Every structure is written in structure tokens, then in C-alpha cells.
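Each chain gets a letter, A, B and so on, in the order the sequences are listed, and its residues count up from 1. Since the model is a prediction, treat every value here as computed from it, not as a measurement.
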Number of protein chains: 2
Amino acid sequence: MVRSASEPPVKRGDEPQAVLSDVDFRPLYQQVKDAVIGKLIGGDWRPGDKLPSEFRLAAEYGVSQGTVRKALDELTAQNVLIRRQGRGTFVATHTPHRALFHFFHLVGQDGSRQLPSSRVLSVETRRATREEEARLELRAGSRVIRIDRVRDMAGRPAIVEFIVVAAKSFPGLARMPKDDLPNTLYELYEERYGMTIVRAVEKLRAVAATAREAELLGLAAGAPLLEIDRLALSIEDKPVEWRVSRCETRQHTYLSIVD
Amino acid sequence: MVRSASEPPVKRGDEPQAVLSDVDFRPLYQQVKDAVIGKLIGGDWRPGDKLPSEFRLAAEYGVSQGTVRKALDELTAQNVLIRRQGRGTFVATHTPHRALFHFFHLVGQDGSRQLPSSRVLSVETRRATREEEARLELRAGSRVIRIDRVRDMAGRPAIVEFIVVAAKSFPGLARMPKDDLPNTLYELYEERYGMTIVRAVEKLRAVAATAREAELLGLAAGAPLLEIDRLALSIEDKPVEWRVSRCETRQHTYLSIVD
DNA sequence: TTCATATAGTCTTCTATAAGATATAACGTT
DNA sequence: AACGTTATATCTTATAGAAGACTATATGAA
């Protein structure tokens, strides 16, 4: 079936509810993909939701099931959707498992993975610094929430980190009791604030521990630490969280698979 | 078309040259994919080669073009093949560009990428240590080639690294003049020895510079360095090269994109 | 009656095929 | 040299049937 501006799609038994643009000559599956992303951004479909079936979507957009399938396949490859034969297609969620295997890269020497526990040192709300404004793409004068915490791995303190998010996007977060903050924050962002992290850019450096960091981690001042500077992005590719972790890497290593 | 052990494929105008197994009930596109990988491993198709067209492959294996396409699509997603509409499908090669953007992760503070130059300190052939045997999955007593070198970025020494490969797999490599070793070794592995690196596992830690490393890099002894421990794997998923790089990260950072 | 176990039906995604559209390069003609 | 034609390649879309998963219903035994 060919779309064109001059010939609108032929009428069938049931008319498409939400037709695609008539002046868009990109491949149909691309248009469907964008439409689906739009639904996700708009919040019509939230994490964990079940999408309409391929056939239903095909009818809605006036394309065939195979075309919808190609669009959904690509989103599945990007970890935005999850599909199970016979069950349906679902919006991916931030389970602890996903947080552990996809977004947390510090593993034991033997490659074993475990989520660290965390102890919050402080939570504060204040005006953003220049650097915070730049990283989170905030307007000048915006307010941010900063969380400082220490994380244990295998029972010993291993990570000192701070986390910065825009206060506007996370109302009430700063008023939560320190001990109620979960140690997998991405789930919280998703469930309470509708912000899903789908991508992250991490920059790693080796640094020397400050006196305070050394004390918190039980090391000598100046000991080498692995610094992970992470910017977490939403599906709209907007920065949501800036986090800098400084990690002790005698017991653990950062694992990166390239292929 | 349904395959079964009892009913062999129907004869057509031109008979399939290399039929798929009759007792394999996995999806056809999977079988085609494995067949293609087999050709790559066997060296029938080498890096840069052009594959037969989708239709030709379909005829060979007795399946339809769309089925071949699905197999090739997956291999393209894995960066094993490269496809260009109207031109054909090609076996991916290790261009300097690919080495830079895919396998080299040290970037400038502003995100700019550049390949480092390299100065070889020494090349030696000797028996493998226990650790080298384990990493490269060698038999006890195997010989290895070890290359030590320093790499400059932006005109200043930034990386000290050693590289270990099995001597048996790279005959003559150790006898090359030190200054003739290219600084992108993966191209050399591919062109001269038919070993294509398609995957790598990197483990990162923060370490303190040894006296020798500090001298080579122009730093104070004990300065923090980023250690990258990389195992490079062939398409058969066999380890080909073990490399440990220690990097100065005041001017550069290791970039990792998670999605 | 109650509980467990088939079983059929229906809904889902998955696999396979075919046909036409589109991109590219080579060649021939003007 | 410029331009159109042709051959050949991948890309896009559509369709049909296979296979997995859940639900409602029927059946049989305790």
C-alpha cells in the first residue's frame, strides 16, 4: 500500500482512528515507531502497561501488522519495550534486575553482580550551580535536589556518590525521610514521577580520594578511586539526573562489554 | 514452507546448493544465520568481501529472500556485516574509523575523539605465564608475544600498555621491526592473520602509578591511573588478545554509553 | 459439592513468503 | 560530457499460517 498526499488511504471496514501524516514520506514503520514513542513520551502508555496488539495498532494506523511489528521490533532492541509471544507487548520497567544488569556496572573480581545497599548522608534543596545547570540543561536560577550517600558492597563501604536532579521535576522528593529513599532510585523516578531512564552517558576517570572520601571508605587519603560521572537521560533524550560516584576498585571492577 | 525430516524440500527450477539440515527444527532464519557465521569462521568470506545477494543466498539455502534478510539483519546489528542499499552486503572490516569509534573509548574532556600515536618499547616472545594461559585459553607451555608500548594523545604520553597474543596464531609478528607495528593492531590481525576482533570485554579499575609508569607518563609516582583490562574476542568468541592499558585521565575520560 | 484436570477457543507474538519500491552503478546513446 | 536505460542490489510493505499463553468450560474423581 502506498501513501500519498493526493490519495488518502482507502476506506475499509473499520476506519483508522489515528492516521499517520499524509505529507510524511519516510517509511511507514518509522512513522509508526515515532507515533509509539510519542505515546510513551505523552504518558498515554506508562511503564508496565500492555500495548494494544499488533493487529489493533495496525488497524489504528492504517498499516499492516508486519509494519507495526518492524517498528515494535526496533523499540524492543532499544530496551524500550518488552515482548512475549502469546502474552503481548509491554512498556519496559525499571526492575531491580534491570537496574543491576543494565545500569550498574560494578562487579566482583569473579564477575558476580550484586546491588549495593546505600546509606544517605544528606538531602538538600538549593539553587543549581553553573555546572549543574549546564549538565541538566536547566534555566538559570533553577533549584535542584542533591543527595549524598555512601554505598556498601559485600558489607564494606565501596562507593561515595552525589546525585543531582531538578527540584521542579521531583516535587516532594527532598521531603522524603532519608531512610525511605530506595537504593534503586530509577524505580522511584519512574513510579512516582513518570520519568523513565532509558539511556545513560558515563565518563570514567581515575582520581585521588579526598580526605573525606578516604575516611568514608576506610582508605588512605590520596588512594586511587574510579570516578563515574553519569548523566541519565529520558526517552525524550533530556537529561534527568546527574550523578558522580567515586568507587573503590580493589574488590570490584567496572565491566564494559563492547560489541 | 514447512521443513520436515519426512518431506524434503520440493524440487524447483534450480536446486539449493547447500541445503540446511533436515533434522534442525530451529527457525530457518536462525539456521541461515549460523550458516553465514560458519562461512565467516571458515574464511570463505573474509573482511571486506561482498556476500552473494539476498536472492542468491535464498536460492542456495532453499528459503525465501525475506528469511535471508532477517538473518543478515541480525548480523548487521551485531556489526559483523555492513549493508548498503543498491550495492550489496559486505563483511565488516576494521577501519581506523571503526577502531576509533567502536573500540577506543578514551575521549577528550569535550568529547572529541582522536587515535593515539604509539611508541613500542619492546617486543618479546616467551612462554606464557599462568595468567596469560588462563586469559587466552592456551594450553600449558604455549608461547606468547608481548608488546609493551606508550601511547601519546594530544602530543603528550597518556597510556602505558602491554599486549599479549598467542605466538602460534601470529607467526612472524614478533620479528616485525618495532617501528613497523601499526598503532591500530586490529587491522593488522585481520589483514595479515585473518583474525577479526568483533567483541571485547573490558574491566576498569583505578590504580596507583608505579615508579616506571609515572616516569613514562611524566607524573608523580602513585598518581591515580585508569586501568583498562581488555580481552578481545573473535567471531568464534575465542580470546585473541589480552591487553592492559594504564591511562592518565586528567586530560581524557573513558566514555561509556549505556542504552 | 468440591477439586483437579483436560480441552477447546481466542488472543497474542513469531515465522516465512512474495511483490513492488528504491538506491546504485555500469553502460550506451546523444 | 551529459543523460537516460538497464541490471542488480537492498528496503519496504503486505499476507498467511504457526506457535505460545491465557480463559472459560466441560469432565471426572474424591
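Residues Asp34(B) and Arg26(B) are paired through a salt bridge, judged by an N-O separation under 4.0 Å between the basic side chain and the carboxylate. A salt bridge does not link Glu161(A) to Arg230(A): none of the charged side-chain nitrogens sits closer than 4.0 Å to a carboxylate oxygen.
Note on Thr67(B): every side-chain N or O is 4.0 Å or more away from OP1 and OP2 of dA16(C). At dA18(C), none of the side-chain N or O atoms of Ser64(B) fall inside 4.0 Å of OP1 or OP2 (strictly under the cut-off). Note on Arg69(A): every side-chain N or O is 4.0 Å or more away from OP1 and OP2 of dT13(C).
In this structure, of dA9(D), dA14(D), dC11(D), it is dA14(D) that holds the atom nearest to the side chain of Leu28(A).
Taking a 6.0 Å sphere around CZ of Arg113(B), one finds it holds more than 12 heavy atoms contributed by other residues, nucleotides or ligands.
Distance CZ (Phe25(B)) to P (dG20(D)): 14 Å, rounded to an integer number of Å. Between the OH atom of Tyr61(A) and the P atom of dA14(D) there is a distance of 15 Å, given to the nearest Å. The nearest whole Å value for the distance from the CD atom in Glu54(A) to the P atom in dA19(D) is 17 Å. At whole-Å resolution of the value, CZ in Arg56(B) and P in dA7(D) are 16 Å apart. Atom CG of Leu57(A) is separated from atom P of dT12(C) by 10 Å (rounded to the nearest Å).
Against DNA chain C, the stretch residues 70-95 of chain B makes heavy-atom approaches under 4.0 Å through Lys70(B), Gln85(B), Gly86(B), Arg87(B).
Aromatic ring orientation, Tyr189(A) versus Phe170(A): tilted (interplanar angle from 30° to 60°). Note: Phe103(B) and His94(B) have tilted aromatic rings, judged against thresholds of 30 and 60 degrees for the angle between ring planes.
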Take Arg243(A) and Glu202(A) through the test salt bridge (Lys or Arg N to Asp or Glu O under 4.0 Å) and record every step on the way to the result. CA-CA 9 Å; Arg243(A) 174 186 302 207; Glu202(A) 297 190 331; over 6 Å; no
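Backbone-only contact: Tyr29(B) has heavy atoms under 4.0 Å from sugar-phosphate atoms and none from a base.
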